[in-house]
Chemist: 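Sharing a structure here in structure tokens format.
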Amino acid sequence: MTDSNQISVDPNTKGNANLIYILYLVGIVIGVTPIIGVIMAYIGKGQGDPVLESHYNNQINIFWKALLYSVIGAVLTMVLIGILILLATLVWYIVRCIKGMQALSAGQPIENPGSWMF
């Protein structure tokens with residue numbers, strides 16, 4: 001039997017949600033992996049227990065909000081404030097992913113997956 005904490009593509013395991021967080025963090029270097037991760041989160045949504053459901057919702061929110069912040073930052077780089085927005089987005093993205101991984105490993109749900117803050 002496989003341990004539910006191991007990396008997995010089965011949407012009913014914590015390993016799948018953990019893999020999505022890893023794909024998001026790898027996406028900082030290799031830009032396409034968050035797209036794969038959000039697709040996996042959408043596939044897993046509605047199939048897991050309430051803890052997994054909160055993590056999938058969190059992952060979907062992380063993806064779309066980071067994309068929004070990044071587009072705004074990229075547009076505003078012409079007036080230099082965009083660089084600050086991009087840096088703030090990167091920090092926010094990393095913190096949300098790490099906090100999600102910590103909660104997942106502890107078996108805890110994300111309290112407010114739709115939150116704009118940490």
Side-chain angles (χ1 to χ4, degrees):
M1 293 244 165
T2 43
D3 182 13
S4 66
N5 288 326
Q6 291 179 344
I7 301 300
S8 170
V9 292
D10 179 6
N12 295 318
T13 64
K14 289 184 351 182
N16 186 58
N18 197 32
L19 176 60
I20 295 168
Y21 284 122
I22 292 168
L23 287 170
Y24 280 8
L25 291 172
V26 170
I28 295 169
V29 178
I30 304 170
V32 72
T33 60
I35 296 169
I36 296 166
V38 77
I39 291 169
M40 290 174 65
Y42 273 114
I43 290 170
K45 187 176 176 182
Q47 294 186 23
D49 62 25
V51 172
L52 282 176
E53 189 71 20
S54 74
H55 284 279
Y56 289 137
N57 286 329
N58 183 49
Q59 291 162 342
I60 290 167
N61 281 309
I62 289 171
F63 176 83
W64 290 112
K65 289 173 183 172
L67 182 63
L68 174 66
Y69 291 148
S70 297
V71 168
I72 291 169
V75 169
L76 292 176
T77 54
M78 294 178 215
V79 290
L80 298 180
I81 193 164
I83 295 169
L84 295 175
I85 293 172
L86 290 172
L87 286 173
T89 300
L90 180 63
V91 169
W92 176 86
Y93 184 81
I94 292 169
V95 169
R96 286 290 296 245
C97 288
I98 290 174
K99 285 184 73 171
M101 290 176 85
Q102 288 175 336
L104 183 65
S105 69
Q108 300 172 342
I110 299 295
E111 292 300 321
N112 188 1
S115 170
W116 284 83
M117 295 306 288
F118 300 111

Chemist: Going by side chain to side chain contact (heavy atoms under 4.5 Å, CB included), name the residues that satisfy it together with Leu86, two or more places apart in sequence or in a different chain.
Modeler: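 Testing Leu86 for side chain to side chain contact (heavy atoms under 4.5 Å, CB included), a comparison that skips the adjacent residues, returns Ser70, Thr77.
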Chemist: Got a sec, which residues hit side chain to side chain contact (heavy atoms under 4.5 Å, CB included) with Ile36, two or more places apart in sequence or on another chain?
Modeler: Leu23, Met40
Chemist: My understanding is that only residues two or more places apart in sequence, or in another chain, count here; which of them pass ring pair (Phe, Tyr, Trp, His ring centres under 6.0 Å) with Tyr69?
Modeler: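 Once residues adjacent in sequence are excluded, the partners of Tyr69 under the ring pair (Phe, Tyr, Trp, His ring centres under 6.0 Å) criterion are Trp92, Trp116.
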Chemist: For the CG atom of Leu52 and the CG atom of Asn57, what is their distance to the nearest 0.5 Å?
Modeler: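 With rounding to 0.5 Å, CG (Leu52) is 11.0 Å from CG (Asn57).
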Chemist: Does anything in residues 58-68 pair up under side chain to side chain donor-acceptor pair (under 3.5 Å), and if so which pairs, sequence neighbours excluded?
Modeler: Tyr21-Asn58, Tyr42-Trp64, Asn58-Arg96
Chemist: As an exercise, state the distance from OH of Tyr56 to CD1 of Ile20, rounded to the nearest 0.5 Å.
Modeler: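 Atom-to-atom, Tyr56:OH and Ile20:CD1 are 5.0 Å apart.
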Chemist: Checking the side chain of His55 only, and the main-chain atoms of Met101 only, is there a donor and an acceptor separated by less than 3.5 Å?
Modeler: no
Chemist: Can you see which heavy atom on Pro34 is nearest to which on Gly27, and at what distance?
Modeler: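 Result for this residue pair: CD-CA, 3.4 Å.
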Chemist: Which hydrophobic side chains are connected to Met78, either touching it within the sub-4.5 Å cutoff or through other members that do?
Modeler: none
Chemist: Suppose we screen for side chain to side chain donor-acceptor pair (under 3.5 Å). Which residues come up paired with Tyr24, at least two apart in sequence or across chains?
Modeler: none
Chemist: Restricting to side chain to side chain contact (heavy atoms under 4.5 Å, CB included), what partner residues turn up for Leu84, sequence neighbours left out?
Modeler: none
Chemist: For Val79, which residues count as a side chain to side chain contact (heavy atoms under 4.5 Å, CB included) partner, sequence neighbours excluded?
Modeler: Leu76, Ile81
Chemist: Is Ile28 close to Leu25 at the side-chain level, that is, under 4.5 Å between some pair of heavy atoms?
Modeler: yes
Chemist: Hydrophobic cluster mates of Leu80, side-chain heavy atoms under 4.5 angstrom, ILVMFWY only, any path?
Modeler: Ile83, Leu87
Chemist: To the nearest 0.5 angstrom, please state how far the CD1 atom of Ile110 sits from the CD atom of Glu53.
Modeler: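 So the gap between those two atoms works out to 12.5 Å.
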